[in-house]
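Here the structure comes first, spelled out in structure tokens, and everything after it is commentary.
Each chain gets a letter, A, B and so on, in the order the sequences are listed, and its residues count up from 1.
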Amino acid sequence: MNIFRLGGDLAHLLAIIILLLKIWTTRSCAGISGKSQILFALTFTARYLDLFTNFVSVYNSVMKVVYLAAAYATLYLMYVKFKATYDHNHDTFRLEFLILPAAGLALIINHEFSIIEVMWTFSIYLEAVAILPQLFMVSKTGEAESITSHYLFALGSYRALYIVNWVYRYYSEGFYDMIATLAGVVQTVLYCDFFYLYITKVLKGKKLQLPA
Amino acid sequence: RSGKSTKDEL
């Protein structure tokens, strides 16, 4: 463990908590893409299949359970409890366009052709593109509530910090994982225009308005 | 194999 990875995990946890608080306190999931949340739940499920078979540390196991529980709690809030506030009309990204290529690629490019490893690889590829429906929805609505942009900033920062962690691990322990690293770069690059808007607008107290 | 040791990450 290093401060970059710990920072990344905490940013990820913060993002998940911000989202749950936003939906719970406003009792609305307006502006949030349920499809991205489905992809995140799918990502954690595919990645943490070894939750009971591969004990790494208490921290690792606790965080996996928290991520899984939060992901499914968010789906429950969005598709059951506050279903009436879910914005179907703007959350129209076709999930099969993301899930099928990630699954296909995981079968072709992986570290080892075993169930656990292919599922892990699938979760890595899927997570890289899981935010697309959300970014697509923000571009369709043309704006995002500031709480939603804080959520996206924390979520984007998490994998950016993981990239720093991988660079650090490469130089400090010679560890590298090209699949996780390249997918992490793609995932972070997808946030770039959002990061720009967040820093130039939201931090100045303006609303996040995407150029129409 | 690098892939295996990734599994200590979330």
Might you confirm whether atom CD1 of I115(A) has over 12 heavy atoms from other residues, nucleotides or ligands at distances under 6.0 Å?
no

With a 4.5 Å cut-off on side-chain heavy atoms, are K7(B) and I116(A) touching?
no

I need the single residue from M63(A), R5(A), H12(A), R47(A) that forms a side-chain contact (heavy atoms from CB on, under 4.5 Å) with L10(B). Which is it?
M63(A)

Does OH belonging to Y168(A) count more than 12 external heavy atoms closer than 6.0 Å?
no

Portion of N110(A) that has a non-hydrogen atom of chain B nearer than 4.5 angstrom
neither

Could you tell me which residues satisfy side chain to side chain donor-acceptor pair (under 3.5 Å) with Y72(A), sequence neighbours excluded, listed by chain and number?
T45(A)

Does any backbone or side-chain atom of F44(A) lie under 4.5 Å from a heavy atom of chain B? Answer side chain, backbone, both or neither.
neither

Identify, with sequence neighbours excluded, every residue that meets side chain to side chain donor-acceptor pair (under 3.5 Å) alongside N54(A).
D50(A)

